[in-house]
Amino acid sequence: QVQLVESGGDLVQPGGSLRLSCAISGLTLDLYAIGWFRQAPGKEREGVSCLSSSSSDGSAYYTDSVKGRFTISRDNAKNTVYLEMNSLKPGDTAVYYCAVNGRCGRDFFPWEYDYWGKGTQVTVSS
């Protein structure tokens, strides 16, 4: 049984930083593409960042609004995925989800991923 558990969400002031973690069990992480998505109130879930499998080219992709501010990474030994978020803005406020076993490229979509966590809340506000 595949399980994903996100953590690290918090209330942070604009300009602040957070690191989200996603602990994954039930599969060998380095064989799969992984993604971070977010959903703000009243909006559709959107892709934030994805990372190709280690057996592929391991490329990372980011949505334009977070390029230069967010960094995705994986620790295969710990079966954990991270999303380092810097220079946070109020527009980054959302529930953040990690997902695994999908397609990772310039465009990537929630419906392409099979397994999901329950999310962690990130609120950016002064």
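Note that these values count all heavy atoms, side chains included, but never hydrogens, waters or copies made by symmetry.
The closest side-chain heavy-atom distance from Ser49 to Phe70 is not below 4.5 Å. A heavy-atom distance below 4.5 Å is not found between the side chains of Ser125 and Pro90. Between Gln3 and Ile24, the closest side-chain pair of non-hydrogen atoms is not below 4.5 Å.
Taken together through direct or relayed side-chain contacts under 4.5 Å among Ile, Leu, Val, Met, Phe, Trp and Tyr, Val95 and Val12 form parts of separate hydrophobic clusters. Under the 4.5 Å side-chain contact rule for hydrophobic residues, Val100 and Tyr61 do not share a cluster. When hydrophobic clusters are built by joining Ile, Leu, Val, Met, Phe, Trp and Tyr residues whose side-chain heavy atoms come closer than 4.5 Å, directly or via intermediates, Tyr97 is not grouped with Met85. There is a path of hydrophobic side-chain contacts, each under 4.5 Å, that joins Val2 to Leu29.
In the model, Asp75 has no side-chain atom that pairs as donor or acceptor with a side-chain atom of Thr80 under 3.5 Å.
Under the rule for a side chain to side chain donor-acceptor pair (under 3.5 Å), the partners of Ser59 that lie at least two apart in sequence or sit in another chain are Asp57. With sequence neighbours left out, the ring-ring contact (aromatic ring centres under 6.0 Å, His included) criterion links Phe37 to Phe108, Tyr113, Trp116.
Among residue pairs with one or both ends in residues 27-40, those qualifying as side-chain hydrogen bond (donor to acceptor under 3.5 Å, both in side chains) are Arg38-Glu46, Arg38-Ser65, Arg38-Asp92, Arg38-Tyr96, Gln39-Arg45; sequence neighbours excluded.
Of all non-hydrogen atoms in Leu4 and Tyr115, the two that sit nearest each other are CD1-CB, 3.7 Å. Across Ala60 and Ile72, no two heavy atoms sit closer than the pair CB-CG2, 3.8 Å.
For the pair Arg19 and Tyr82, the cation-pi criterion (under 6.0 Å, within 45° of the ring axis) is fulfilled.
Panel note: side chain Glu6, backbone Thr120; no donor-acceptor pair is recorded below 3.5 Å.
Atom CG of Leu27 sits about 6.5 Å away from atom CG of Asn79, to the nearest 0.5 Å.
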